[in-house]
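Predicted model only: the values in this text are computed from it and were never measured. Each chain gets a letter, A, B and so on, in the order its sequence line appears, and its residues count up from 1.
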There are 2 protein chains.
Amino acid sequence: MEQVAELLKKIAPEIVREVENRYTILQNIYFYQPIGRRALAGIISWSERPLRSEIKKLEEQGLVEIEQKGMKVSVEGEDTINRLEDFIFYLRGLSPVARNIEEKFGCRHVIIVPGDSDKDETIKKQLGREAARNLLSFLKNGDIVAVTGGTTMAQVPHSMPPASGFNEVVVVPGRGGLGERVELQSNSIAAELAQKLGAQYRLLYVPDNLGSEAMESIVNEPGIKEVIATIRQASILLHGIGGAEEMARRRGMAEQQIEEILKKGAVAEAFGYYFNSEGSIVHATTSVGLSVMDLKNIRTVIAIAGGASKAPAIQAFLRYHRPTVLITDEGAARRLLYIEGGKRNDEQKDS
Amino acid sequence: MEQVAELLKKIAPEIVREVENRYTILQNIYFYQPIGRRALAGIISWSERPLRSEIKKLEEQGLVEIEQKGMKVSVEGEDTINRLEDFIFYLRGLSPVARNIEEKFGCRHVIIVPGDSDKDETIKKQLGREAARNLLSFLKNGDIVAVTGGTTMAQVPHSMPPASGFNEVVVVPGRGGLGERVELQSNSIAAELAQKLGAQYRLLYVPDNLGSEAMESIVNEPGIKEVIATIRQASILLHGIGGAEEMARRRGMAEQQIEEILKKGAVAEAFGYYFNSEGSIVHATTSVGLSVMDLKNIRTVIAIAGGASKAPAIQAFLRYHRPTVLITDEGAARRLLYIEGGKRNDEQKDS
DNA sequence: ATCATGCGGGTCAAATTTAGGCCCATGATT
DNA sequence: AATCATGGGCCTAAATTTGACCCGCATGAT
């Protein structure tokens with residue numbers, strides 16, 4: 001497949017753009033369906049007329065269905081999206097990018113989704129889908145799965161196909177809830193995921209940043225204690241890598257303190273710990289549940305993060321710990337290599 | 001690769017034409033190089049201006065080099081042609097066509113080159129190249145290779161890469177020379193091929209259609225006798241399938257007799273025998289060298305024929321004998337299935 | 001039930017791209 | 001020395017694409 005992609009780039013480079021365009025259109029219709037022409041044009045920043053022409057072709061191919069209430073992707077189109085994703089991976093030359101990251105960070109497996117979450121909302125769904133796929137491939141009955149929160153992680157259960165045979169699996173949040181929107185909290189995600197998997201779940205409602213006395217008393221509650229014990233035994237971790245500032249703000253950290261830890265060079269956060277770009281811990285907050293120290297005891301760690309802006313956080317996290325799988329997107333991957341090597345700079349602006 | 005082709009046809013069907021066009025252009029430049037714009041436009045029946053635009057793109061991709069004396073294909077372009085051929089095979093859906101022929105005629109291996117020899121001279125070169133490849137893959141030292149004549153067969157030695165280690169191989173013509181242009185005679189082809197392979201060769205200069213007394217006396221000449229004995233021991237046969245009328249005419253058969261055998265339904269000829277479309281012998285001429293009766297004793301038979309017009313001859317031959325490999329082109333293959341099954345009619349006119 | 005919104009589709013002129021056709025200087029071949 | 005085919009330039013016409021509308025109509029909210 002990679003060779004075919006290279007061949008096409010040589011013989012007809014224009015079609016590469018064409019195929020990518022149609023992929024983006026199809027993907028966005030799928031994400032927002034049913035959606036109208038004008039709305040879609042706004043989302044992907046096209047003008048209406050050309051978009052219309054492209055969609056007409058897609059409709060003629062039976063990939064898109066047009067109704068009064070809007071356009072949607074046909075079942076054939078859905079299948080085409082999936083197959084296209086793999087192909088575009090090679091078309092954009094992401095294969096060498098993935099290998100590069102694997103080498104530089106000693107990662108076993110790097111998965112890159114074409115696109116950039118910062119620019120295209122639908123990419124997060126792709127990341128979630130990849131995460132779901134990977135989780136399924138690693139999951140065995142009896143496993144304890146810990147998940148973290150965030151917008152990307154929230155996509156994972158949505159993309160998880162209903163499964164069965166995982167009655168003995170337990171899904172837990174990695175830590176206590178954050179003060180964020182409920183649907184992005186690890187608790188919600190854990191519950192949703194467990195439901196999709198037909199698995200059990202335990203939730204942990206403990207606010208972060210408690211005083212040590214209050215923390216101690218809550219942690220010693222029998223129910224809470226049991227959940228925490230379960231979390232500590234997690235064998236699979238689905239971890240959404242978070243940026244330092246973003247996470248600090250989400251947790252309601254004082255503006256002054258945020259400034260302080262940023263001055264210390266914090267770029268990434270994980271389980272209440274803040275890391276600088278070297279992967280060293282520069283700040284720690286009180287927290288219950290998993291700790292970064294537990295990472296090395298977890299059999300399978302699936303790290304997820306997308307968007308060029310997340311690259312520094314990814315870099316920091318990878319330097320601290322080598323996950324089993326890194327799932328990211330093109331924007332983050334290219335930026336990551338850029339800030340890491342400085343050498344292989346092949347960023348591309350428009351997509 | 002086949003799946004990628006199907007995918008591309010779905011998402012961007014226009015690219016099929018585009019890729020095929022550029023392939024044809026590249027192939028024809030390669031065949032006639034160095035050649036000018038206008039001449040090339042005449043050959044492939046394009047108007048000059050669009051051809052110019054396409055070639056400009058090919059040049060920008062570094063596939064074509066333009067000099068004062070004409071255009072030629074770069075080394076990279078040459079490589080691209082080869083890789084494109086395989087890809088276009090799937091792009092045109094020739095994979096199922098080949099399988100179909102294999103099934104219907106019980107052929108072990110069918111190779112189809114995209115294009116139609118009737119319309120495009122360069123296709124014969126492709127056929128020759130495939131024949132050369134196949135011959136090499138079957139050839140072992142000690143083999144006796146018999147070849148027949150014709151325009152397609154004449155391309156085989158030209159496309160044969162210089163080889164060595166075949167000192168013990170002997171190349172012979174399948175039969176005595178025909179009264180045709182010397183470079184298309186089996187004798188010439190056998191000699192050229194032997195030279196390319198670094199092999200030995202024996203030639204046989206005996207006119208066809210001799211009276212029986214004359215024939216007998218010539219055949220008993222010691223030198224001739226030895227060559228004929230060698231031919232009879234051939235282990236590999238490269239056979240260009242011939243149409244009945246064409247071959248009869250090439251041999252200088254009387255116009256009246258030609259009409260007669262055609263009335264008997266003759267559509268194909270091989271080694272002096274004429275077959276109807278059922279594969280039955282309807283006429284036989286005196287001839288020295290191989291006979292159709294010897295076919296079954298030959299280990300490897302590579303049959304070659306291209307062009308939609310050859311389809312009836314191919315059909316007749318395949319019904320008489322199942323060659324090890326059939327090498328043909330798209331035009332012949334599709335027509336063959338059309339006249340055979342009547343069902344799977346997916347002919348296409350323009351290419 | 002009514003209304004407003006967003007939908008697909010139609011239309012038409014402007015802008016851009018592509019095609020046609022010709023000439024020209026040049027370098028190779030005869 | 002002369003002829004020929006070559007690539008490149010150029011300009012006009014044609015075709016296509018783009019931009020900017022408007023319209024009737026379902027649908028969902030009021």
Side-chain angles (χ1 to χ4, degrees), chain A residues 11-74 76-77 121-122 350-351, chain B residues 11-74 76-77 121-122 350-351:
Chain A
I11 191 70
E14 334 110 34
I15 82 107
V16 174
R17 283 210 105 74
E18 197 70 10
V19 170
E20 288 182 349
N21 283 341
R22 295 193 189 171
Y23 170 69
T24 318
I25 293 172
L26 218 48
Q27 188 180 338
N28 275 279
I29 292 179
Y30 182 63
F31 189 82
Y32 293 104
Q33 64 183 317
I35 190 176
R37 255 192 288 125
R38 283 172 279 268
L40 185 60
I43 291 171
I44 62 175
S45 306
W46 276 37
S47 54
E48 188 188 336
R49 204 60 187 71
L51 177 61
R52 211 165 142 182
S53 311
E54 287 298 297
I55 287 177
K56 191 183 171 190
K57 291 171 198 159
L58 290 176
E59 191 205 3
E60 282 167 358
Q61 290 300 311
L63 302 174
V64 164
E65 287 164 1
I66 299 181
E67 297 172 13
Q68 188 59 258
K69 72 161 115 173
M71 307 172 291
K72 60 180 186 178
V73 176
S74 71
E76 195 179 2
E121 272 299 313
T122 71
D350 41 0
S351 73
Chain B
I11 191 69
E14 332 110 37
I15 81 108
V16 176
R17 283 210 103 74
E18 197 69 10
V19 171
E20 287 182 349
N21 283 341
R22 297 193 189 172
Y23 170 69
T24 320
I25 293 172
L26 218 47
Q27 189 179 338
N28 276 278
I29 293 179
Y30 182 63
F31 190 82
Y32 294 104
Q33 64 184 321
I35 190 177
R37 255 192 288 125
R38 283 171 280 267
L40 185 59
I43 291 171
I44 62 176
S45 305
W46 276 38
S47 53
E48 188 187 334
R49 204 59 187 73
L51 177 63
R52 212 164 141 181
S53 311
E54 287 298 296
I55 286 178
K56 191 183 172 190
K57 291 170 198 159
L58 289 176
E59 192 205 2
E60 281 167 359
Q61 290 301 311
L63 301 174
V64 164
E65 287 163 2
I66 300 181
E67 297 171 14
Q68 189 59 259
K69 71 160 115 174
M71 307 171 291
K72 60 180 187 179
V73 176
S74 71
E76 195 179 2
E121 273 298 314
T122 71
D350 41 0
S351 72

Engineer: Return the residues of residues 44-58 of chain B meeting this criterion: a heavy atom under 4.0 Å from some atom of DNA chain D. Order them by number, or give none.
Structural biologist: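 Those residues are Arg49(B), Arg52(B).
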
Engineer: Between C1' on dT6(D) and NZ on Lys69(B), what's the gap in Å once rounded to a whole number?
Structural biologist: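 From Lys69(B) NZ to dT6(D) C1': 12 Å.
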
Engineer: Do Glu18(A) and Ile15(B) have side chains that approach each other closer than 4.5 Å (heavy atoms only, starting at C-beta)?
Structural biologist: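 Not touching, per the 4.5 Å side-chain cut-off.
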
Engineer: In whole Å, I'd like the distance from the CD atom of Gln68(B) to the P atom of dT6(D).
Structural biologist: 10 Å

Engineer: Once salt bridge (Lys or Arg N to Asp or Glu O under 4.0 Å) is applied, what residue pairs with a partner in residues 31-45 of chain A remain, sequence neighbours excluded?
Structural biologist: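 Checked against salt bridge (Lys or Arg N to Asp or Glu O under 4.0 Å) - neighbours excluded - the pairs reaching residues 31-45 of chain A are Arg37(A)-Glu48(A), Arg38(A)-Glu48(A).
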
Engineer: Heavy atoms, side chains only, cut-off 4.5 Å: are Glu60(A) and Lys56(A) in contact?
Structural biologist: yes

Engineer: Taking CG from Asn21(A) and C1' from dT18(D), how many angstroms apart are they, rounded to a whole number?
Structural biologist: 15 Å

Engineer: Looking at Glu20(B) and Arg17(B), does any basic side-chain N land under 4.0 Å from a carboxylate oxygen?
Structural biologist: no

Engineer: Specify the separation, in whole Å, of atom CD of Glu67(A) and atom P of dT27(D).
Structural biologist: 9 Å

Engineer: Counting only N and O atoms by type, is there a donor-acceptor contact under 3.5 Å from the side chain of Gln33(B) to the main-chain atoms of Tyr30(B)?
Structural biologist: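 Present.
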
Engineer: I need the CD1-C1' distance between Ile66(B) and dG7(D), as an integer number of Å.
Structural biologist: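 Nearest whole value for this atom pair: 7 Å.
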
Engineer: To the nearest 0.5 Å, what is the distance between OG on Ser74(B) and CD1 on Ile66(B)?
Structural biologist: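 Between atom OG of Ser74(B) and atom CD1 of Ile66(B) there are 11.5 Å.
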
Engineer: Any side-chain heavy atom of Trp46(A) sitting closer than 4.5 Å to one from Leu40(A)?
Structural biologist: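 No, every pair of side-chain atoms sits at 4.5 Å or beyond.
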
Engineer: With a 4.5 Å limit on heavy-atom distance, are the side chains of Ile25(B) and Val64(B) in contact?
Structural biologist: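 Result no, sub-4.5 Å side-chain heavy-atom pair not found.
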
Engineer: When you measure from every atom of DNA chain C, which of residues 27-42 of chain A have a heavy atom less than 4.0 Å away?
Structural biologist: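 Per residue number, the list reads Ile35(A), Gly36(A), Arg37(A), Arg38(A), Ala39(A).
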
